[in-house]
Amino acid sequence: MCGIIGYSGHRPAVPVIMEGLRRLEYRGYDSSGVCFVRNRELQVIRAEGKLNNLEDKLADMDISLATAGLGHTRWATHGAPTENNAHPHVSFTRNLAIVHNGIIENYREWKDFLLDKGYLFFSETDTEVLANLIADEQAGGLSLLRAFAAALEKASGTYAVALLSTEEPDTIYAARHSAPLLIGAGAGEHFAASDIPAFLPYTRDVVFLEDGEIARITPLRAEVFSMADLKPVPKTLTRIEWDLQAAQKGGYKHFMLKEIFEQPRVVADCIAGRADTKRNAVRMPELEGFPVPSRLRIAACGTSWHAGLWAQSLMEGWSGIPTTVETASEFRYRNALPVPGECLLVISQSGETADTLAALRLVKEQGIATLGICNVIGSSIAREADAVVLTQAGPEISVASTKAMTAQMTVLMLTALYWGRKRGSLDREITARALAELSDIPARLTGLLPTLESEAAGLAARFAACKSMFFLGRGQSFPLALEGALKVKELSYIHAEGYASGEMKHGPIALIDPCFPSFFLMPYDAHFAKTMSNLEEVAARKGPVVALTNPPKDGMELRVGESWLLPEAWGPLCAFFMLPALQLFSYKAAAFLGKDVDQPRNLAKSVTVE
Ligand code: M6R
């Protein structure tokens with residue numbers, strides 16, 4: 001989704017803003033722009049496409065004197081991704097400019113109101129309506145702060161918005177409602193941004209804005225007010241411990257590849273302090289005091305939903321808790337009946353996904369306990385859930401989620417063990433085996449990844465020309481099949497479908513022909529023999545088949561087709577090898593086809609609209 005950065009300080013603002021926008025590129029965008037005040041005049045420069053186009057436009061301008069300004073990368077919602085619709089948007093009646101992430105749902109109503117009053121519009125955006133609404137409040141005699149608050153009170157929908165005006169050229173105003181925005185507090189400079197990497201070279205001290213708050217930043221101060229009555233709100237600084245290195249490519253060609261290779265470290269970080277193999281115990285301080293649910297509902301989107309599906313059988317089998325898993329985008333449309341003692345578990349890398357957040361809020365209103373599994377400290381879900389377990393994956397920059405899912409699976413597995421032990425439904429032997437095997441994963445995966453990478457490259461080169469492919473699995477391999485297909489779709493734009501292997505003969509098998517390959521995920525588990533039959537059914541219809549499976553043993557081996565051999569792992573842990581293999585296959589296919597791996601077309605990293 002759109003990226004915002006606002007700066008007020010002692011440095012030339014535009015280079016700082018452009019650098020910040022580069023670090024927000026991962027969010028996905030199709031146009032960009034900056035604004036600043038020069039010689040008391042508002043300068044707004046915008047460009048279609050990538051940031052290089054904006055840089056070209058700025059190259060001939062004198063930007064050195066501006067020490068405050070705004071920058072924006074736009075992911076189009078209202079209106080095509082043209083220069084005209086790019087942000088910042090200006091109200092010329094008061095010389096103010098705003099940048100915005102989100103959707104003002106009632107903008108048509110306010111646009112008609114403003115048109116009747118003679119305001120002019122030059123774009124198709126909801127954002128320009130908000131800019132003029134602020135100007136209109138000012139025209140009614142309000143100060144900039146009050147006008148900003150009054151206009152936002154009239155806007156419904158989601159927003160993170162930042163404002164600059166020639167009337168207060170060193171001041172940035174910023175506010176949020178269900179979209180991320182935070183303040184960076186440096187020495188003699190302050191920032192407002194959608195995400196921490198935007199200002200991390202300058203400060204690690206962050207103030208998290210809440211919905212209904214307005215921030216006013218100048219070089220020397222960051223103040224926060226309640227939008228309702230404009231009374232000051234005391235805030236605390238949070239120190240960010242991870243450094244810029246974690247948000248850079250570190251020698252890898254793409255963030256995605258780097259993040260795939262970080263997975264051994266991610267598993268190690270997620271289990272550190274939680275998996276106590278010596279005492280055969282799982283420590284989850286975040287869950288102490290949180291009631292063990294009698295029923296669990298999991299809601300999430302995309303890859304996080306797949307992690308939830310993967311964990312369902314662990315929650316039921318190990319914890320003994322009846323569990324359902326659904327996409328958060330559908331959750332609230334089916335009038336789910338709350339049940340006393342149940343818990344909604346929301347899973348989200350970003351902690352800002354609008355649908356997931358909406359599910360959380362709906363259930364909270366019903367008085368149901370909520371638990372978040374989330375990667376971003378200070379995100380909306382991390383703050384609003386009754387309890388949160390943070391996944392220590394570090395910043396995930398590539399739009400395609402990889403290490404976040406591995407972190408989610410690790411934490412979900414630990415949670416299932418923790419609840420299973422608390423409820424007395426889990427054998428000590430299973431806990432001991434699970435913790436021991438999980439502790440070995442980082443070292444085993446480190447050794448495996450280079451091999452997987454070269455094998456994935458060979459397979460991807462052979463199959464990248466296909467128009468369609470299936471990913472098929474049973475049991476816990478089914479969610480991984482969904483994930484494998486999602487990765488191929490979003491990165492290489494090849495049509496791919498994830499299916500439960502047993503569903504093939506109920507329709508999809510009609511698609512099989514010699515140009516339609518099927519990837520069967522079939523480790524040596526209880527489902528191997530049945531999935532083998534499904535594979536044979538496809539092979540019999542001349543569909544190319546590749547089985548992601550384990551080396552032959554005890555009479556278990558592939559009878560037909562080609563195999564991609566992965567080391568055997570205990571129980572659910574085979575997912576920790578299967579998932580990186582699928583990620584690397586999709587990565588290599590996209591790279592082979594010359595696609596924009598880290599920023600696939602039409603996608604945004606954090607989906608803050610519904
Ligand atoms: O930040 P979240 O985990 O809530 O994001 C959910 C999905 O938007 C996300 O997983 C998406 O599907 C990714 N593009 C998958 O790679």
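We count ligands from 1, going down the list as the structure has it; atoms in each ligand are counted the same way. These numbers come from the heavy atoms of this one structure, side chains and all, not from hydrogens, waters or symmetry mates. Numbers here simply count residues along the sequence, with the first being 1.
- Looking at Leu603, Leu486, Thr353 and measuring to atom 5 (O) of ligand 1, the nearest heavy atom belongs to Thr353.
- Interface of Ala400 with ligand 1, defined as ligand atoms under 4.0 Å from a residue heavy atom, comprises 16 (O).
- Once rounded to the nearest 0.5 Å, the distance linking NZ of Lys588 with CG of Leu257 reads 6.0 Å.
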Give the C-alpha distance, both sets of side-chain angles, the deciding distance and a yes or no for side chain to side chain donor-acceptor pair (under 3.5 Å) between Glu352 and Ser380. CA-CA 6 Å; Glu352 300 292 351; Ser380 299; 2.7 Å; yes
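- In this structure, Val399 is part of the shell of residues with a heavy atom less than 4.0 angstrom from ligand 1.
- At the shortest separation from atom 10 (O) of ligand 1 among protein heavy atoms lies Thr303 N, 3.0 Å.
- Ligand 1 has no nitrogen or oxygen under 3.5 angstrom from a nitrogen or oxygen of Thr356.
- Between Glu19 and Arg22 no salt bridge is recorded (no basic side-chain N to carboxylate O distance below 4.0 Å).
- Nearest protein heavy-atom neighbour of atom 8 (O) of ligand 1: Val607 CG2, 4.0 Å.
- Aromatic rings of Phe585 and Phe519 (six-membered ring for Trp) have centroids within the 6.0 Å cut-off, being under it.
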Determine, stepwise, if the pair Thr127 / Arg74 fulfils side chain to side chain donor-acceptor pair (under 3.5 Å). CA-CA 11 Å; Thr127 308; Arg74 174 175 186 251; over 6 Å; no
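- Among Cys301, Ser350, Ala300, the residue whose heavy atom lies nearest to atom 6 (C) of ligand 1 is Cys301.
- The atoms of ligand 1 that sit less than 4.0 Å from any heavy atom of Ser304 are 2 (P), 3 (O), 10 (O).
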Before giving the answer on side chain to side chain donor-acceptor pair (under 3.5 Å), spell out for Thr303 and Gln349 the whole-Å C-alpha distance, their side-chain angles and the decisive distance to 0.1 Å. CA-CA 9 Å; Thr303 295; Gln349 187 285 130; over 6 Å; no
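- For ligand 1, the atoms sitting less than 4.0 Å from at least one non-hydrogen atom of Glu490 are 13 (C), 14 (N), 15 (C), 16 (O), numbered in the order shown with element in parentheses.
- Close approach of ligand 1 to Gln349 (heavy-atom distance below 4.0 Å) involves ligand atoms 1 (O), 2 (P), 3 (O), 4 (O).
- Under 4.0 Å from ligand 1, not a single heavy atom of Glu352 appears.
- Between the side chains of Arg295 and Thr324, no donor-acceptor pair is found at a separation under 3.5 Å.
- Remark: minimum distance from atom 12 (O) of ligand 1 to any protein heavy atom is reached at Gly302 CA, 3.3 Å.
- Annotation: side chain to side chain contact (heavy atoms under 4.5 Å, CB included) contacts of Ile321 (sequence neighbours excluded): Val292, Pro293, Leu296, Ser319, Thr323, Trp419, Arg423.
- Seen from the ring of Phe471, Lys487 does not count as a face-on cation partner, given the 6.0 Å and 45° thresholds.
- Listed by number with element, the atoms of ligand 1 under 4.0 angstrom from any heavy atom of Lys487 are 15 (C), 16 (O).
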